[in-house]
Amino acid sequence: MNFGMTEEQTMIVDTVRAFVENEIYPHEAEVERTGIVPEEVAATIKQKTIDLGFYACNFPESVGGAGLNHLEFALVERELGRGSMALNHFFGRPQGILMACEGEQIERYLLPAVQGKRMDALAMTEPGAGSDVRGMKCNAVRDGGDWVINGTKHFISGADHADFIIVFIATGEDQTPRGPKKRITAFLVDRGTPGFTIRDGYKSVSHRGYNNMILEFNDCRLPDAQVLGEVDGGFAVMNEWLYATRITVATMAVGRARRCFDMGLNYAAEREQFGQAIGKFQGVSFQLADMITEIDAADYLTLASAWRLDQGLPANREIASAKVYASEMLARVTDATLQIFGGMGLMDDFPIERFWRDARVERIWDGTSEIQRHIISRELLRPLGA
Ligand SMILES: Cc1cc2nc3c(=O)[nH]c(=O)nc-3n(C[C@H](O)[C@H](O)[C@H](O)COP(=O)(O)OP(=O)(O)OC[C@H]3O[C@@H](n4cnc5c(N)ncnc54)[C@H](O)[C@@H]3O)c2cc1C
């Protein structure tokens, strides 16, 4: 076993850390205040990421990416997690699922996404179907040579900036002994397609400026050329490519927790009450000890799950453990840091209240904590026949 980083991995971490500190941190307060990422700021972050060779670093070199493996990409995401989600969205990491593009889809979607010319988003969730993806109602029906789509998706992150969206849609239903089961197909849907509308979503307390949108399909016609992967093969592409996205949530949680912790640590060393630094009181110092222990634990758990993917080892349970542990650790660390800051922790003079708010969504998106626990326990019990 080797817990150290290679020279190249150290370079990746240092480069992305410096980028986040220089290009993201300076704009955070304004995005937080306005809820908007100014267009010129977004364009600058994107261009500098391209210049650095990090745009689409999660894609293989054969299609123009940086060819990072899962572990290296986790290191990138960990550093990005320190900064605002709304801003680091433009440090583009297109959905890995685009590697399923075939034929002319490669020129129309995959390559422009990797080159930063077109941005993507991914849509599964519906008002009536969240954790239960197969409960989706948005459906595509055959009509002549086309598909006709009707339905609604909501909570779709980044769809406000997307040129096209990868949308999972029901294309049929099978009767099984356990009841009807939807067949699902992934479609590539261009902004501006007739019958397809992207409208503002809800206001979230987490990640201001990183907007979620509502997608509406009203008799939207799509040809077969827009199918990503196989018809009815949506779950196959989902499992092959989306499996790893939960690592992103975990690694970002670790990065943000370290940033927040460092602020709490410094505050505990500087703030004096009763004639001494508050960090000298065991009630505070033991909190710091618990926080750093949990952050390290989440870090190792997360990197180990990414490493397993690189080794071709089963990693579903490990990724679920990393996602649930890191996201819940972030909640505890941001809450404890806020407590160390006392009343000032709640004021927007410091970013602590933002970290605390932002942390809340991590236990919900990309599969809630309950769904991750379901995955973990299922993997443990299934081999025993339960
Ligand atoms: C800000 C934001 C951005 C998002 N971005 C995207 C996006 O870009 N694309 C996309 O497709 N989706 C996105 N999502 C959707 C996200 O993945 C869902 O919110 C999540 O999967 C949960 O679905 P739900 O909110 O409908 O909750 P529900 O599924 O309705 O769950 C409600 C509660 O019931 C619990 N529950 C449900 N089923 C079970 C079960 N079997 N066992 C135990 N407990 C259960 C849940 O854990 C939860 O506590 C986003 C969500 C948010 C909030």
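Whatever order the structure lists them in is the order used to number ligands and atoms, beginning at 1. Keep in mind that the numbers below use all heavy atoms, side chains included, and drop hydrogens, waters and symmetry copies.
The closest donor-acceptor contact from the side chain of K323 to the backbone of A250 lies at 3.5 Å or more, if one exists at all. With hydrogens and angles disregarded, no donor-acceptor distance shorter than 3.5 Å links the side chain of D366 to the backbone of V249.
Of the protein's heavy atoms, L122 O, 2.9 Å lies nearest to atom 9 (N) of ligand 1. S131 OG, 3.6 Å is the protein heavy atom nearest to atom 37 (C) of ligand 1. With hydrogens left out, the protein atom closest to atom 46 (C) of ligand 1 is T368 OG1, 3.7 Å, a heavy atom. The protein non-hydrogen atom at the shortest distance from atom 12 (N) of ligand 1 is T125 OG1, 2.7 Å. Taking atom 39 (C) of ligand 1 as the reference point, the nearest protein heavy-atom neighbour is I371 CD1, 3.9 Å. Among protein heavy atoms, the minimum distance from atom 8 (O) of ligand 1 is reached at S157 N, 2.9 Å. Shortest contact from atom 53 (C) of ligand 1 to any protein heavy atom: V361 CG2, 3.8 Å. In this structure, the protein non-hydrogen atom closest to atom 7 (C) of ligand 1 is F155 O, 3.2 Å.
Taking every non-hydrogen atom of M124 and a distance limit under 4.0 Å, the qualifying atoms of ligand 1 come out as 10 (C), 11 (O). Within the listing of ligand 1, atoms 11 (O) sit less than 4.0 angstrom from a heavy atom of A123. Atoms of ligand 1 found under 4.0 Å from any heavy atom of I156 (numbered from 1 in listed order, with element): 7 (C), 8 (O), 9 (N), 10 (C), 11 (O). Taking every heavy atom of D366 and a limit of under 4.0 angstrom, the matching atoms of ligand 1 come to 17 (O). Against a heavy-atom cut-off of under 4.0 Å, G130 is close to the following atoms of ligand 1: 23 (O), 24 (P), 26 (O), 29 (O).
Defined by atom type and a distance below 3.5 Å, a donor-acceptor pair is missing between the side-chain atoms of D335 and Q339.
Under the salt bridge (Lys or Arg N to Asp or Glu O under 4.0 Å) test applied with E28, the options R208, R259, R256, R82 reduce to a single match, R259. The side-chain contact (heavy atoms from CB on, under 4.5 Å) with K181 is formed by just one residue from the set E173, Q175, R134; it is R134.
Scanning R360, E370, Q372, M136 for the heavy atom closest to atom 49 (O) of ligand 1 points to E370. The closest non-hydrogen atom to atom 20 (C) of ligand 1, taken over I166, I364, N211, comes from I364.
For atom 32 (C) of ligand 1, the nearest protein heavy atom lies 4.0 Å or farther away. Distance remark: protein heavy atom present below 4.0 angstrom from atom 4 (C) of ligand 1. For atom 23 (O) of ligand 1, the nearest protein heavy atom lies closer than 4.0 Å.
Atom CD of Q276 has more than 12 heavy atoms from other residues, nucleotides or ligands within 6.0 Å. For NZ of K48, the number of neighbouring non-hydrogen atoms (other residues, nucleotides, ligands) closer than 6.0 Å is 12 at most.
Legend: ring-ring contact (aromatic ring centres under 6.0 Å, His included) pairs involving residues 31-54, not counting sequence neighbours: none detected.
Contacts between A121 and ligand 1 below 4.0 angstrom, taking non-hydrogen atoms only, are absent altogether.
Using a cut-off of 4.0 Å between Lys/Arg side-chain N and Asp/Glu carboxylate O, K137 and E126 are scored as not salt-bridged. Between D296 and R258 a salt bridge is recorded (basic side-chain N to carboxylate O distance below 4.0 Å).
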Given F155 and Y202, is the ring-ring contact (aromatic ring centres under 6.0 Å, His included) satisfied, shown in steps?
CA-CA 8 Å; F155 288 157; Y202 319 91; 5.4 Å; yes

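For the pair R142 and W147, the cation sits on the ring face: its NZ or CZ lies under 6.0 Å from the ring centre, inside 45° of the axis.
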